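Report on the following structure.
Model, not experiment: these values are computed from the prediction.
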Amino acid sequence: MKEIQRIILDLMNKEVKEIKKCGVDLGSYSVELFSTLGGLRMWIEERYEPKSDLVDARGKECIANLREIQMHLFSLIYHSSVEFYALLQDRYDKKIEQKDLKWLGDPQASRLHELAKTRVFRPNGELYFEIFPRWDAFIQLMQEIKKLATPERKKTLITCRNSKSAREILMLLKKTPIEILEMQYRRQILRPDSGEEVSDDEGYAKIGELEILLSVYDHQPAFGVESLIYDMRPDFVVVYEINLKTIREIEHAKASLSKSKCKFAVYTLSTEGSVDEAQFVSIKHREIRSFEYLIEEKDSIENKLTAEVDMETYADWPVIVADTREFKSELPGMLFRHQLRLAPSMIEVGDYILSPEIAVERKALMDFIGSINNGRLYTQLTKMCRHYKRPMLLLEFEEREPFTFKGARVKTFSMSSALDKLVLTLINFKTVRLLWSRSANHTAIIFNELKKDTDNPAVLSDNELSILYNTQQVDAALTLPGITSKNVNLVTNNFNSLKDLFGSSMEKITKVLGKEVGKAVYDFINYKHEVQKIQITKKAKIGSYQKYKLAKQQKN
């Protein structure tokens with residue numbers, strides 16, 4: 001069993017290395033944490049799912065392989081030898097049918113299959129069942145409890161991981177391990193050829209003189225095992241599959257009932273040197289490190305909690321107009337801590353307006369890559385340059401993420417391509433300033449510096465910016481010869497509309513735009529060309545007899 005466990009961990013390690021090569025950030029996670037219950041799921045929810053669209057096909061395949069291998073690891077430490085072999089053989093058959101073995105094509109996976117088979121069959125093909133070590137330990141433990149039990153002390157509480165383990169426990173109380181393995185062999189391996197049917201209720205018979213209650217982690221009541229102990233007042237508690245949360249609840253209940261007459265013995269089952277034991281040790285060490293961190297940070301946490309914002313001067317705080325959609329992020333709260341008063345508004349241009357001249361478009365790293373790839377960033381910078389003298393683009397990194405572009409990629413769109421496009425974009429927008437920030441707190445410090453010696457911006461309504469300038473007219477004006485982003489403001493500031501521009505004299509246009517550009521615009525507007533007259537002759541309608549005569553004449 002230990003050799004099988006080592007092979008599975010090696011296979012998991014290979015997939016983790018491949019995931020790293022694909023540019024997926026593992027953070028503080030490792031194979032050790034992925035082998036624990038919930039470790040891989042936590043990483044997928046925290047790190048992978050928010051950025052899953054940025055992972056290429058190879059990375060997604062490695063993550064799928066890692067999930068499958070972890071499933072076989074849990075099958076090894078929680079299920080019998082027959083169930084482990086049946087699961088692995090079923091996976092082999094499906095992959096061979098699909099002609100895509102993936103991780104099962106690895107030489108170590110072949111060795112894994114051979115070792116799994118030896119736990120069920122002898123080399124000559126005879127049946128040989130390797131008994132699950134947890135079963136032997138559980139049977140011996142229950143025999144000891146029966147010896148210690150008396151008519152006054154007979155209540156036993158057994159906790160397990162899921163309903164499958166609960167059925168397993170009930171069968172162990174009634175049958176021998178060999179009988180259970182034979183039944184599993186008939187149901188899971190000989191199932192296609194055997195006509196025997198076994199009821200799902202088998203094993204739920206009377207379990208002996210002891211009063212035994214099973215508690216399943218997946219179906220615990222609101223207050224968990226602790227509430228069951230308070231209600232049941234057991235004499236013996238057995239933790240069939242070790243779980244730190246359950247053990248902490250049992251310890252708390254035992255401490256609470258220490259002064260009462262209820263005193264119970266606690267037994268835990270785990271396999272020495274197995275992943276099951278390593279899971280518990282890893283989670284326990286993580287808990288210890290968390291407490292150590294809290295002790296070290298206690299003074300600084302107290303200082304942060306006692307620090308109060310002076311609300312008496314709130315009316316004198318500098319004002320920043322913030323887009324209402326930005327309040328989903330951490331930055332607005334951080335700005336308030338730095339004594340910056342926020343005025344929420346639906347902003348059409350930028351995300352934050354710091355002054356009548358300064359507008360900031362905030363981009364997280366992944367949002368920046370996507371917006372520059374689809375061209376949305378170019379449109380946003382264009383609008384800011386039209387309405388503000390000092391437009392700024394802020395790239396904000398996550399506080400817990402490294403301050404680097406390394407490994408960031410969107411499918412086939414790499415970070416280097418994004419930076420190249422950013423440089424080309426900023427060349428076209430010479431007034432745009434680029435800001436870098438490593439966290440929301442750092443951004444608040446930057447905003448405080450930019451706000452010094454500036455006026456507060458006005459809170460604009462939804463349509464005020466669109467009323468100031470008609471962006472479609474500006475785009476149309478830019479198509480005129482000689483009109484660029486540098487002098488288009490001369491057109492918008494001196495002419496009420498394009499109709500006003502087209503109806504103006506050459507003197508007025510040249511006075512506003514200059515002699516050369518004004519003449520080019522005026523000549524373009526007033527250029528005349530001859531309209532060609534096209535005569536349309538109507539064809540006379542002819543009947544079928546006339547068509548026949550015409551066809552006969554053409555034939556002759």
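- Within 6.0 Å of the NZ atom in K519, the count of heavy atoms belonging to other residues, nucleotides or ligands does not exceed 12.
- Within the 4.5 Å cutoff, the side chain of F336 has no heavy atoms near those of the L340 side chain.
- A heavy-atom distance below 4.5 Å is not found between the side chains of K515 and M506.
- Salt-bridge annotation for E292 and R289: absent, with no side-chain N of the basic residue lying under 4.0 Å from a carboxylate O of the acidic one.
- Distance alone, capped at 3.5 Å, is enough to place a donor-acceptor pair between the N526 side chain and the Y522 backbone.
- Electrostatic pairing of K14 and D10 does not count as a salt bridge here, judged by no charged N lying under 4.0 Å from a carboxylate O.
- Side-chain contact between K389 and T431 is absent, with no heavy-atom pair separated by less than 4.5 Å.
- Remark: R341 CZ is packed, more than 12 non-hydrogen atoms of other residues, nucleotides or ligands lying under 6.0 Å away.
- Residues S437 and T443 have side chains that bring a donor and an acceptor to within less than 3.5 angstrom of each other.
- The 12-atom threshold is not exceeded at CZ of F524, counting heavy atoms of other residues, nucleotides or ligands nearer than 6.0 Å.
- Around atom OH of Y378, no more than 12 heavy atoms belonging to other residues, nucleotides or ligands sit under 6.0 Å away.
- Residues N65 and E61 form a side-chain contact, since some pair of their non-hydrogen atoms from C-beta on lies under 4.5 Å apart.
- Inter-residue side-chain proximity for V360 and D351 is flagged as unmet; no heavy-atom pair is nearer than 4.5 Å.
- Between K452 and E449 there is a salt bridge, since a side-chain N of the basic residue sits under 4.0 Å from a carboxylate O of the acidic one.
- A salt bridge (charged side-chain N to carboxylate O under 4.0 Å, His left out) with E396 is found for one member of R438, K363, R362 and no other, namely R362.
- Residues E68 and W103 have side chains that bring a donor and an acceptor to within less than 3.5 angstrom of each other.
- Residues H338 and W317 keep their aromatic ring centres 6.0 Å or farther apart.
- With salt bridges taken as basic N to acidic carboxylate O contacts below 4.0 Å, none links E361 and K383.
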